[in-house]
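FYI, side chains are in, hydrogens and waters are out, and symmetry mates aren't considered; it's all heavy atoms of this structure.
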Amino acid sequence: MRVLFLASYFPKPDNPLMGTWALAQAQALVRCNINLRVVSCTSWVPKLVAPTSGAKAYAHCPNTYVWPGEVNVDYLRWLYYPVPPVKTWAYKHPQPYLSIAWHSVKRKLIDIVQTFQPDIIFCHHLLPNGWIAAQLPDNICPPIITLDHDFDEITDCHQYPYRHAAMKRAVKQAWASLAVSNRMQQSFQALFPHEHFLIHHNGIDLPPAQLDKQPRPPAVQNKKIVLSCALFAERKGIPLLIKAFCSIAPHHPDAILRIIGNGPENSVIRETIQQHDRTHQVQLLGKKPHHEVLQEMAWADCFALVGWDEPFATVYLEAMAAGKPIICCRDGGINDVFQHQVHGYAVAPKDLQATASALDKMLSDDAARLSMGHHAKQLIHEQLTWDAKASHLCELFSEAVAGAHYSGLQTR
C-alpha cells in the first residue's frame, strides 16, 4: 500500500529534535511494509536572511532527505510562516493564509500525487495539512485520514468562526478524522455533530536496553529522583510542581527534582526555585537531546508533569516505557490508558495540595512506587508501542481503500 504522509511539523536535517515522534511514527509505518512518502511543507526562508539557528534550519533544509528507517521526505517550500504577528491573525482567519500556502505548493504537490499515486493520504492536523489535502482535484485524490494532537486548536473553533469554517471544510473531505484521546474526540463531536471521529492514541519506541546499565552520576547516587521534562510554558505547570515538591522536600531530604527543558517561563521558574530556597534539591538541567532525556528517565525513580490540557503527551509514555510511575493531571488524554494508583497518581489540574500529596506518597512508599513502575512498563509493551499503533493505522488504511464502513464512518 502506498501512503502519502503530510506532516509540516517534521524533523529537518538541521533541526532533528523537531517533531521526533512524527518521524518515529513514519518509521513504524515503513516497518509495517507501507510504501511511505512524506511531504513536509516547509517555510521558504532565503539563506541571506536567516540570522537564527531556527531560521537556518528552514533556509538550509534540502529539497529531499532520507531519514533512518528508509523514510523518504520531500520538503516543499511554501509561503506559510507560523510566527508572530502573522500567526496570531492566521490562527483566527486561516483560510486566506492557507490559500496562499496551497497555491505556493499546488503544482509540486499535484505532481507528487500523480507520480506516487498514493492509496491513502495521511495528514497530521486538519489545519494546515488536512485542509491542503482537501484542495487536491477529486480525480487524483485518494481517501484522506487526518490525526490531530492539540486540544486548543480544536476547542478554539468555538470562539473563532472562521477557524471553525476552515476545519469543517477539512473534516468533510476526510474519510476519517482521528483524535489522540477520548476528550478530544468529544470536542470534535461537539463542534461537528454530524461527522464521525475515531480515537488513535500516540505510541512510543521502547528505550534502548543499555540505558539501564549506565550508572548514575556520582552527584545523584543514593537520591530519589523525581524527573520532569517539558517546554517551559504556562500550561505545563512547572512552577506549581516546584512549589509542591518544595512543600514536602523537608520530609524527604534524599529527594531531588530534576527538570529538563527551556522556554518562555524560564525566568518565572528560576524565581520560584529561589523563593523556596531549595536550590540544592531542585535542579534545572536545561534543554537536552532526546537520547539524554531517555537516559535521565532510566536514572529517575518517578516522572511528574502536572500540566493541564495535555492531549496525549508522549513524554508520559517515554517515562512509563522506562518503568517509571508518573504523576499527571486527570484532565489529560493519557487518562484514557492510565489508571490511578496502578501506573502512578492523577491529580486535579492546578491543585497544589493534591500534587504535593501525590509526590509525598510516591517518595514515601518504595514498594508501591516500584510496583506502579512495573505496571506502567507492562502497559506500554503490550499496547502503546509505535509498531502496535502503526498496525492500527494500517487497518484503517485498508478499510478506507476498500471503501468499506468503519465504526459508523462513511467513505467520502
Side-chain angles (χ1 to χ4, degrees), residues 1-43 54 56-78 80 105 108-125 128-130 132-133 136 142-149 178 180 200-208 289-291 293-294 312 314-315 317-318 321 384-398 400-401:
M1 183 183 297
R2 294 181 301 279
V3 175
L4 184 64
F5 182 7
L6 303 188
S8 47
Y9 196 72
F10 201 86
K12 295 172 176 53
D14 285 351
N15 188 2
L17 297 180
M18 177 184 185
T20 54
W21 61 273
L23 173 59
Q25 185 179 54
Q27 291 166 330
L29 287 171
V30 172
R31 291 195 295 271
C32 281
N33 296 318
I34 293 292
N35 183 355
L36 188 75
R37 186 168 179 178
V38 178
V39 170
S40 183
C41 292
T42 300
S43 301
K56 285 183 171 63
Y58 286 89
H60 296 277
C61 184
N63 293 329
T64 61
Y65 192 79
V66 181
W67 289 91
E70 300 181 18
V71 175
N72 295 280
V73 183
D74 292 279
Y75 293 100
L76 304 188
R77 298 305 197 277
W78 65 355
Y80 189 80
V105 295
K108 289 184 178 179
L109 185 57
I110 288 177
D111 286 346
I112 288 173
V113 172
Q114 290 179 323
T115 302
F116 185 56
Q117 296 186 342
D119 300 296
I120 290 287
I121 296 180
F122 175 52
C123 302
H124 273 190
H125 302 284
N129 295 301
I132 293 296
L136 289 166
I144 299 168
I145 293 178
T146 66
L147 175 63
D148 274 83
H149 312 85
L178 311 182
V180 294
H200 179 78
H201 298 129
N202 288 332
I204 196 71
D205 281 329
L206 298 178
H290 190 239
H291 69 278
V293 174
L294 296 180
F312 198 87
T314 55
V315 70
L317 304 184
E318 290 174 334
L384 292 165
T385 63
W386 276 125
D387 286 334
K389 304 316 295 181
S391 294
H392 177 235
L393 276 179
C394 289
E395 292 174 4
L396 283 174
F397 295 162
S398 296
V401 171

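- Geometric assessment of Lys12 against the ring of Tyr58 yields a positive cation-pi assignment under the 6.0 Å and 45° thresholds.
- No donor-acceptor pair closer than 3.5 Å links the side chain of Thr146 to the backbone N or O of Ile144.
- Checked by atom type and distance alone, the side chain of Asn129 pairs as donor or acceptor with a backbone atom of His124 at under 3.5 Å.
- Side-chain contact between Val180 and His201 is absent, with no heavy-atom pair separated by less than 4.5 Å.
- Separating the CG atom in Leu136 from the CD1 atom in Ile121 is a distance of 5.0 Å, to the nearest 0.5 Å.
- A distance-only check finds a donor-acceptor pair linking the side chain of Ser40 to the backbone of Ala7 [under 3.5 Å].
- Using bins of under 30°, 30° to 60° and over 60° for the plane-to-plane angle, the ring pair Phe5/Phe10 lands in the perpendicular bin.
- Counting heavy atoms from C-beta outward, Val38 and Trp67 have side chains that stay 4.5 Å or more apart.
- In this structure, the side chain of Ser43 engages the main chain of Tyr80 through a donor-acceptor pair within 3.5 Å.
- For Lys56, the NZ atom is densely surrounded, since the number of other residues' heavy atoms within 6.0 Å is greater than 12.
- Remark: aromatic rings of Phe122 and Phe397 are close, center separation under 6.0 Å.
- A distance-only check finds no donor-acceptor pair linking the side chain of Arg31 to the backbone of Asp387 [under 3.5 Å].
- At a cut-off of 3.5 Å, with distance as the only test, no side-chain donor of Asn202 or Thr314 sits close to an acceptor on the other residue.
- In terms of modelled atom types and a separation under 3.5 Å, the side chain of Asp74 and the main chain of Val39 share no donor-acceptor contact.
- Annotation for Met1 and Ser398: closest pair CE-OG, 3.6 Å, computed over non-hydrogen atoms.
- Using a 4.5 Å heavy-atom cutoff, the side chains of Pro142 and Ile120 are not in contact.
- Of the possible donor and acceptor atoms, one in the side chain of Gln27 sits under 3.5 Å from a partner among the backbone N and O of Pro68.
- Of the residues listed (Phe312, Tyr9, Trp21), the one engaging His149 in a side-chain contact (heavy atoms from CB on, under 4.5 Å) is Trp21, and it is the only one.
- Leu393 is listed as a side-chain neighbour of Leu178, based on a closest heavy-atom distance under 4.5 Å.
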